[in-house]
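Notes for the one structure printed next.
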Amino acid sequence: MPTITDLLRARSDDTDTALLFEDQRISWAEHVRISLSWAGRIRAMLDPGKPPHVGILLDNVPEFSYLLGAAALGGFVAVGLNSTRSGPELREDARRTHCQVVFTDAAHRHLVDGLDVNDFGVNGVDVNGVDSFEGTDPLELFALVFTSGTSGDPKAVRCTHSKVVTPGIMLGDRFGLGCSDTVYVSMPLFHSNAIMAGWAVALASGANLALRRTFSASGFLPDVRRFGATYANYVGTPLSYVLATPELPDDSDNPLRVVYGNEATPGAATEFARRFDVHVVDGFGSSEGGVSIARTPHTPAGALGPLPEGTAILDPDGRECVVGIVGELVNTAGAGMFCGYYDNEAADADRMRDGMYFTGDLAYRDTDGYAYFAGRTAGWMRVDGENLAAAPIERILLRHPAVEAACVYGIPSDGPGDRIMAALLAPGIEMTEFANFLAAQPDLSLRARPRFVRLCTALPRTATHKILARELQSQNWRTDDPVWWSPSPVGAYVPFDKASRQGSVEQGG
């Protein structure tokens with residue numbers, strides 16, 4: 001298995017393909033030269049007695065790509081810092097990953113102001129130096145990438161050279177990418193999706209790499225046309241955001257051949273493929289890499305794909321779930337591509353149990369062996385003695401034409417268990433009609449019917465556009481957004497006003 005260093009070496013004389021950014025065009029050969037010079041200078045800055053970890057707090061600019069290359073060439077570890085987190089959170093992320101140096105720019109510098117310089121320094125990206133290629137082990141640590149933190153605090157995932165190179169080569173080969181192609185990356189480079197399904201794909205296939213500073217739905221198609229992009233990656237809901245832009249007769253007139261990612265909202269992949277005349281491949285995976293599920297041509301709508309060999313759905317007692325019963329996705333064959341979290345033994349132990357990798361993701365399977373996502377284990381809800389998962393309820397709510405996004409979670413009841421609350425992005429929805437709609441859904445049980453509905457003007461999201469359920473759950477009904485509730489499991493929805501909040505429901509909230 002080659003390393004990232006090997007892939008960079010292969011591009012060192014490549015003057016035909018390039019990194020494309022705004023009006024800049026930097027050949028791969030120039031990219032490698034810059035990364036080499038930075039590698040030498042940065043390595044000289046590091047204390048050899050401490051972990052060689054270097055933080056990167058930047059948008060998708062060429063300097064981020066240079067620093068990734070420098071990490072591979074200089075033998076240090078790139079730590080991607082999530083620029084959407086607050087200053088205190090970022091400083092703590094940098095400390096617990098033992099960053100000696102953080103590279104940032106004027107736009108983000110305020111987020112790391114006030115740090116104790118004994119922890120690490122703050123530097124601009126104007127470094128110089130010289131170095132030469134050195135050998136690297138595929139199992140050597142290349143980067144620390146934080147999880148999205150949708151259901152808990154973000155954890156730093158260990159990413160070796162092989163963990164990054166393997167999907168880069170696989171996706172490039174799978175889609176037949178080469179020097180005539182352009183890989184468009186607008187997902188944030190501090191996230192695993194952009195590195196493994198974007199940056200590494202361009203590097204491995206020798207394609208052009210087109211970077212967008214931050215994702216823009218309105219800028220997506222103009223960028224694709226301007227850069228001649230033939231491949232793009234995504235994670236979360238960007239396809240839905242692009243689809244929300246006004247449809248034009250010439251939308252299909254674009255160079256895109258393949259769009260690859262995961263967690264597209266129901267129907268978005270199909271509609272995106274139709275509107276832009278592109279092959280959309282939606283898979284299932286995570287930053288950890290313990291389980292990966294790929295859709296096949298015969299995969300039903302809404303399914304992740306067929307359960308791979310060595311992957312099972314287990315109940316809390318470790319027994320395999322029967323058809324239709326929700327359980328946790330588990331790699332029963334081992335760790336897969338999971339290399340552990342950085343300096344977090346408790347989190348490692350939670351993932352790896354009895355030689356098996358527990359994803360923390362809920363799913364169920366149909367009679368043909370296709371798996372369906374059902375949320376996170378943190379999103380289990382206990383209602384009237386029954387365990388319920390959030391994702392199947394969310395999919396039902398999204399059938400309503402006015403519902404653009406939905407997040408379902410449990411809030412405390414006035415007795416044992418939970419009551420179900422749904423936060424909706426649904427402009428103009430009428431609650432009497434919505435109650436009738438729910439009553440007409442044959443697969444929505446009375447237990448699964450939301451008792452509380454919060455009508456949001458916006459939903460809190462991660463940098464990769466995933467809804468932050470834990471933030472909504474912590475707010476409960478304490479919000480300025482309109483909240484409706486159904487006093488009985490089959491009753492109409494009424495405003496959750498002050499009088500309601502002073503009743504028995506408030507005692508459980």
Side-chain angles (χ1 to χ4, degrees), residues 1-3 137-142 145 147 151 155-171 173-174 192-193 195-197 200 235 260-263 281-300 303-342 344-378 380 389 391:
M1 171 62 65
T3 65
D137 190 301
L139 299 181
E140 184 175 318
L141 186 61
F142 165 67
V145 176
T147 59
S151 57
K155 295 181 285 291
V157 179
R158 293 169 49 87
C159 296
T160 62
H161 281 249
S162 63
K163 184 171 179 174
V164 174
V165 167
T166 297
I169 293 176
M170 181 273 292
L171 292 171
D173 290 345
R174 178 179 180 181
S192 61
N193 174 273
I195 292 178
M196 298 179 190
V235 63
Y260 175 83
N262 52 55
E263 301 185 28
V281 180
D282 191 79
F284 172 83
S286 65
S287 300
E288 291 88 343
V291 168
S292 179
I293 301 176
R295 288 181 59 87
T296 62
H298 302 293
T299 297
L304 302 174
L307 275 178
E309 184 177 354
T311 301
I313 299 172
L314 304 184
D315 68 15
D317 296 320
R319 297 171 299 206
E320 189 161 3
C321 294
V322 299
V323 169
I325 298 300
V326 173
E328 185 171 358
L329 271 172
V330 178
N331 184 341
T332 58
M337 293 293 289
F338 180 58
C339 302
Y341 298 110
Y342 179 73
N344 196 334
E345 293 182 3
D348 285 345
D350 185 56
R351 283 283 172 263
M352 292 300 304
R353 288 172 261 157
D354 300 321
M356 299 184 291
Y357 175 82
F358 287 74
T359 64
D361 292 311
L362 300 173
Y364 60 93
R365 61 184 173 90
D366 62 19
T367 54
D368 296 318
Y370 292 102
Y372 295 75
F373 183 65
R376 299 281 295 168
T377 51
W380 271 119

Taking only residues two or more places apart in sequence, or in another chain, which ones meet Arg295 in a side chain to side chain donor-acceptor pair (under 3.5 Å)? none

Asp137/Thr3 under side-chain contact (heavy atoms from CB on, under 4.5 Å): CA gap, chis, key distance, verdict: CA-CA 7 Å; Asp137 190 301; Thr3 65; over 6 Å; no

Closest contact, heavy atoms only, [X] versus [Y]:
X	Y	result
Ile293	Pro306	CG2-O, 3.6 Å
Thr332	Thr311	OG1-N, 4.3 Å
Tyr357	Glu288	OH-CB, 3.1 Å
Ala391	Ala374	CB-C, 3.2 Å
Asn262	Val235	OD1-CG2, 3.0 Å
Met1	Ser162	CG-CB, 4.1 Å

Let me see the working for Cys159 and Met196 under side-chain contact (heavy atoms from CB on, under 4.5 Å), right down to the final yes or no. CA-CA 10 Å; Cys159 296; Met196 298 179 190; 3.6 Å; yes

[Y] backbone acceptor or donor facing [X] side chain under 3.5 Å:
X	Y	result
Asn331	Gly290	yes
Glu328	Leu314	no
Asp317	Arg319	no
Arg158	Cys339	yes
Thr359	Leu329	yes
Asp348	Tyr341	yes
Thr147	Lys155	yes
Thr166	Lys163	no
Asp368	Tyr370	no
Arg365	Cys321	yes

All side-chain contact (heavy atoms from CB on, under 4.5 Å) counterparts of Asp350, not counting sequence neighbours: Arg353

With rounding to the nearest 0.5 angstrom, report the [atom1] to [atom2] distance, [X] to [Y].
X	Y	atom1	atom2	answer
Met337	Ser192	CE	OG	11.5 Å
Met352	Phe358	CE	CZ	9.0 Å
His161	Leu139	NE2	CG	10.0 Å

Does the pair Tyr364 and Ile325 meet the rule for a side-chain contact (heavy atoms from CB on, under 4.5 Å), with working shown? CA-CA 6 Å; Tyr364 60 93; Ile325 298 300; 6.0 Å; no

Distance alone, cut at 3.5 Å: any donor-acceptor contact between the side chains of Arg174 and Tyr260?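 Tyr260 and Arg174 do not have a side-chain donor-acceptor pair below 3.5 Å.
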
Any side-chain heavy atom of Pro2 within less than 4.5 Å of one from Ile169?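 A side-chain contact exists here, since the closest heavy-atom pair is under 4.5 Å.
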
